[in-house]
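Counting convention: from 1, in listed order, for ligands and their atoms alike. Side chains included, hydrogens not; waters and symmetry mates left out as well; all remaining heavy atoms used.
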Amino acid sequence: MSDSFLPSMRVDGQVALITGAGRGIGKGCALALAEAGADVILMSRTESELDVVATQVEKLGQSAQKIVCDVSDGAAIRNHIGTIGHLDILVNNAGILRPSSLLDLSEDDLDTMLQVNCRGAVLVAQAAAEIMTRQGSGVIVNMSSTFGVNGRANNSVYSATKHFIEGFTKSTAIELAPFGIRVAAVGPTAIDTPLTHDRLNDPAIGGDLLSRIPMGRFGQISDVVGAVVFLASPAAALVSGTTLMVDGGWTAQ
Ligand code: NAD
């Protein structure tokens with residue numbers, strides 16, 4: 001028996017499915033989990049982006065399977081995930097942001113954010129949980145946001161979809177615990193990714209966001225993936241039903 005008191009953040013030999021894995025935070029999670037020893041299944045809508053990530057994963061010595069799919073397409077999700085034999089980790093990350101005031105909000109923006117951020121997250125978690133309950137083990141890490149905890153003007157629907165993720169995380173953590181499955185979330189502040197790059201560099205928007213972050217900087221993708229790998233790993237064996245904020249202190253205020 002080992003004398004070590006240091007719990008492991010390695011996930012050697014495990015299989016991880018990451019949605020929205022083509023770029024940004026999802027790509028970072030896929031590469032970090034591969035570096036931590038997992039074989040990865042990359043899901044996103046854009047095959048060319050997945051090709052690039054898969055090549056990088058293989059260079060790390062792990063296998064990469066690609067699934068080109070829209071997370072809000074229930075039949076496709078069940079079909080694809082149904083063919084996966086074993087799944088240890090789901091990073092439920094795919095999401096979109098369409099900022100708008102309530103008065104200017106279009107039905108298309110409303111429906112798309114609900115479809116991807118809420119419906120998609122549930123459909124993927126449901127299909128993953130079916131495998132994990134059979135196994136009696138697994139971890140689901142959902143991607144929330146600072147705006148899953150705080151409100152934000154001109155982002156009411158996006159913020160509401162992330163509050164949905166918070167409730168979904170807590171409730172599924174309770175429901176799936178008897179099956180040996182943990183469910184947790186990560187709550188990033190503004191992270192510099194393709195989704196946000198232009199907005200963060202717009203002084204009118206970026207300046208206000210920055211002023212709300214006590215640590216005085218925007219997040220990098222590496223800030224988020226550390227939290228995701230921790231939550232997915234044996235080091236977080238008793239962490240469930242909670243959100244790990246990666247927000248430089250924003251929501252502490
Ligand atoms: P991004 O736009 O850089 O990447 C999103 C990825 O999701 C892309 O690969 C895209 O193809 C994929 N995707 C989008 N819609 C999809 C769909 N319907 N089906 C399948 N794949 C789809 O975004 P990001 O900044 O990396 O954000 C990832 C997650 O982190 C999102 O849930 C977002 O809400 C959350 N988040 C981001 C920030 C930030 O500042 N970037 C902050 C807090 C939370």
**Q** For residues 147-161, pull every pair meeting salt bridge (charged side-chain N to carboxylate O under 4.0 Å, His left out), keeping only residues two or more places apart or in separate chains.
**A**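 Every pair satisfying salt bridge (charged side-chain N to carboxylate O under 4.0 Å, His left out) with a residue in residues 147-161: Arg152-Asp208.
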
**Q** Kindly say whether Asp39 contributes a backbone atom to a donor-acceptor pair with the side chain of Ser63 at under 3.5 angstrom?
**A**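 The answer is no, because no donor-acceptor pair under 3.5 Å joins these two groups.
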
**Q** For the hydrophobic clusters of this structure (ILVMFWY residues joined by side-chain heavy atoms under 4.5 Å, transitively), does one cluster hold both Phe147 and Phe218?
**A**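 Linked, Phe147 and Phe218 end up in one cluster.
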
**Q** With distance as the sole criterion, is a donor-acceptor pair present between the side chains of Thr169 and Asn142 under 3.5 Å?
**A**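 Thr169 vs Asn142: donor-acceptor pair found between side chains.
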
**Q** Tell me, yes or no, whether the heavy-atom count around Glu107 atom CD, taken from other residues, nucleotides or ligands under 6.0 Å, exceeds 12.
**A**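 Counting other residues, nucleotides and ligands, CD of Glu107 stays at 12 neighbours or fewer.
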
**Q** Is it the case that the side chains of Ser159 and Asn155 hold a donor-acceptor pair, with the cut-off being a distance below 3.5 Å and no angle test?
**A**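 There is no such pair between these side chains.
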
**Q** Just list the N/O pairs, ligand 1 to protein, that are under 3.5 Å apart, with the distance for each.
**A**
unit_1   : atom_1 : unit_2 : atom_2 : d
ligand 1 : 2 (O)  : Arg23  : NE     : 3.3
ligand 1 : 2 (O)  : Arg23  : NH2    : 3.0
ligand 1 : 3 (O)  : Arg23  : NE     : 3.3
ligand 1 : 3 (O)  : Leu195 : N      : 3.4
ligand 1 : 4 (O)  : Arg23  : NE     : 3.4
ligand 1 : 9 (O)  : Gly22  : N      : 3.4
ligand 1 : 9 (O)  : Ser44  : OG     : 3.2
ligand 1 : 11 (O) : Ser44  : OG     : 2.9
ligand 1 : 15 (N) : Arg45  : NH2    : 3.3
ligand 1 : 18 (N) : Asp70  : OD1    : 3.0
ligand 1 : 19 (N) : Val71  : N      : 2.9
ligand 1 : 25 (O) : Thr193 : OG1    : 2.6
ligand 1 : 26 (O) : Ile25  : N      : 2.8
ligand 1 : 32 (O) : Asn93  : O      : 2.7
ligand 1 : 32 (O) : Lys162 : NZ     : 3.0
ligand 1 : 34 (O) : Tyr158 : OH     : 2.6
ligand 1 : 34 (O) : Lys162 : NZ     : 3.1
ligand 1 : 40 (O) : Ile191 : N      : 2.7
ligand 1 : 40 (O) : Ile191 : O      : 3.2
ligand 1 : 41 (N) : Ile191 : O      : 3.3
ligand 1 : 41 (N) : Thr193 : OG1    : 3.3

